[in-house]
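Structure, as structure tokens:
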There are 2 protein chains.
Amino acid sequence: MAMQAAGTDRPATIHDIAAMCGVAASTVSRALSTPARVNIRTRARIEAAAAELNYTPNNQAKALSSGRTGAVGVLVPDITNPFYFDLIRGTQLQLKAAGYTQLLVDTEESDEVEASSMEQLRKSADGIIVTASRLSDEALLAAAAKVPIVTINRDVVGVPAVVIDTPSATSQALDHLVSLGHTRIAYMAGPLTSQSSTLRWNALAAAAEDRGVDVRRLGPFAPKTQSGAAAADAAVHSGVTACIAFNDLIAIGMLQRLRERGIRVPEDMSVVGCDDIFGADFCNPPLTTMASPIEQAGRVAVSMLLAQLNPLAGGGNRSRSLMPTHLTVRGSTGPVRHS
Amino acid sequence: MAMQAAGTDRPATIHDIAAMCGVAASTVSRALSTPARVNIRTRARIEAAAAELNYTPNNQAKALSSGRTGAVGVLVPDITNPFYFDLIRGTQLQLKAAGYTQLLVDTEESDEVEASSMEQLRKSADGIIVTASRLSDEALLAAAAKVPIVTINRDVVGVPAVVIDTPSATSQALDHLVSLGHTRIAYMAGPLTSQSSTLRWNALAAAAEDRGVDVRRLGPFAPKTQSGAAAADAAVHSGVTACIAFNDLIAIGMLQRLRERGIRVPEDMSVVGCDDIFGADFCNPPLTTMASPIEQAGRVAVSMLLAQLNPLAGGGNRSRSLMPTHLTVRGSTGPVRHS
DNA sequence: TTCCCAATGACAACCGATTGCCAAATGTTG
DNA sequence: CAACATTTGGCAATCGGTTGTCATTGGGAA
């Protein structure tokens, strides 16, 4: 039997409710947010009126007066990189569960866009999750002083971070290749500004020395399938029998190029990717890769951020979380061919 | 030599600027938004002060008082579906170019989440782009009456829409298969609530009758690679020699399953997908598919929405835009094998 | 019955901008 | 030089809530 106020098309406000119940707007506000503060019967009337008017709070106004926006910004360098799909889904799920809204921003791999987005978000979000930041340590620290931040795959002392432990996985990958008989191996590096790429290379170089095998670094290559062609050519030219790519996009691009050139995978060249993104399981051949718990990383980052925002809720806010990875062996790696 | 006001850590407001220049806040507001309305020298002083204080407008407050939020909501049914990656990138680029912010929402293929998101967005966005809506025609029309909307791949009279012309592409796909000698063909349908799926089937059925070939409808199947297994089994069981899938995800899933079962593609079964998503070119075999100008569709949708928001700017706001498609033939289709 | 205190509800300031309206200052014209 | 038109800048209300403060009310204890 609920009837809308005739002609009133715009969304209902607490003032409409207040008028309908004959109370002050502040009472309505309290009834809805601090129920204990208001007589239970009054509250019932207010809630009924709210339901009848189909009331939804205006969170712009809410944010303005309370300072809390109920939103969290998520910065990704490239929205079309499948790696971020799962990440975004992870953050989205966890944020929604906590009643927060996700503001997704594509920073286009630019530190300037990243910086200006953070400045902007500082006022329209309660906190920010920054993935694979291109900013300097100083800039990141300065930003973290102004607004709660959690980084993903970017480790700076003083800034809470979720780090996917791909460096350790690269050692596993190396062991895998060594056990297949490979001794000449290449690392196809990612962007120079990528901390992840550097850390992986360091881990790889150290492990290679341990095992006494020859690992050289090639690149840098942009993290896109298109770069895979150049990477493949470089790998072939360098005379290695196996390579470990910065990520799956490069690896998949390499597979395509190697196929074009008639170089068989894994017979002539073994390829290992990183991340286990969408497509890694159905490319040709299916890609051996270091599987990252990407979606989970997104969820953990949100949890850490929310713990920072509501310190009361306990849950001891860790400042750093290392996500384990493991090697998933598929068809793109095989025994070295003794020619 | 710019110095920050000592100790003041919070973002500067127009009041800070006003105080620094000895004018009223409203003058600052005008100087920044309606420059012609203010003395050029005063404006210069204000701009200098704004720069010095590192001022950025608080768009929450801006939205509250002006009614314009400078944001556009984009609703997608499943953020992890690669089809939407390019779409999102398209909307993101065009929105950013126009100075708008994108609010991305994953409706989880649920009409209820979709409806509540729209109600929410109605207050925090100037307009909404709705992709592959699960809502009824009536609900969509009602929503469009309250807030500017542009739909993508959902055609309802009275609601501006961008429609990717996949129905016509399915006819091309059929012709392609017929020219390869196939006469028994299956359509692997998408969700029952998907208008696109229905339209494609109608176009396909009509074209099949024209050509005198047998096309049957199987499914429905969820638009995920996992559903491809069931789809593949159904196709094999039905005795067809070729099939046209609702989208690339199903098609790619089918390829995997067929491979598992030792059924060769395209020798034993030809498969056609739809959309040409990320991965369609490097799966095994590469997928013949109907290529959609997805990113462009996103951009056009934004243009149509912005035209609706700023009617003055001219640009004759079309209410419907049909995006052309074409068949991209790769390795998953081949001549029928006469056994 | 009286007194006191806790529970309750209303008022009003405030968040950071926009904007209608008016007054002061400026410039132009007869 | 007076009268008028035109800029230009400021006041104050407004958007939709939150929140500190205070007056009122009711109930329970003495």
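Residue numbers start from 1 in every chain, and the chains themselves are labelled A, B, ... in the order their sequence lines are given, proteins ahead of strands.
- We find that CG of B:L64 is positioned 17 Å from P of C:dC14, with the value rounded to whole Å.
- Looking at heavy-atom distances under 4.0 Å, B:R68 makes contact with sugar-phosphate atoms alone, never a base.
- Checking the phosphate oxygens (OP1, OP2) of C:dG16, no side-chain nitrogen or oxygen of B:Y55 falls inside 4.0 Å.
- Rounded to an integer number of Å, the gap from NE2 of B:H15 to P of C:dC15 is 8 Å.
- Between the axis at the start and the axis at the end of the helix from C:dT1-D:dA30 to C:dG30-D:dC1 there is an angle of 50°, using five pairs per end and rounding to 10 degrees.
- Using a 4.0 Å cut-off between charged side-chain N and carboxylate O, B:D106 and A:K96 make no salt bridge.
- The side-chain heavy atoms of A:Y100 and A:D126, taken from C-beta on, include a pair separated by under 4.5 Å.
- Using a cutoff of 4.0 Å between basic side-chain nitrogens and carboxylate oxygens, A:D137 and A:R154 are scored as salt-bridged.
- Put simply, CG on A:L53 is 16 Å from C1' on D:dG17, counting in whole angstrom units.
- DNA chain D lies under 4.0 Å from at least one heavy atom of each of the following residues of residues 25-42 of chain B: B:S26, B:T27, B:R30, B:A36, B:R37, B:V38, B:N39, B:T42.
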Donor-acceptor contacts under 3.5 Å from residues 17-36 of chain A side chains, at least two apart:
unit_1	atom_1	unit_2	atom_2	d
A:S33	OG	A:S29	O	2.8

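- Whole-Å rounding puts the A:K123 NZ to C:dC15 P distance at 16 Å.
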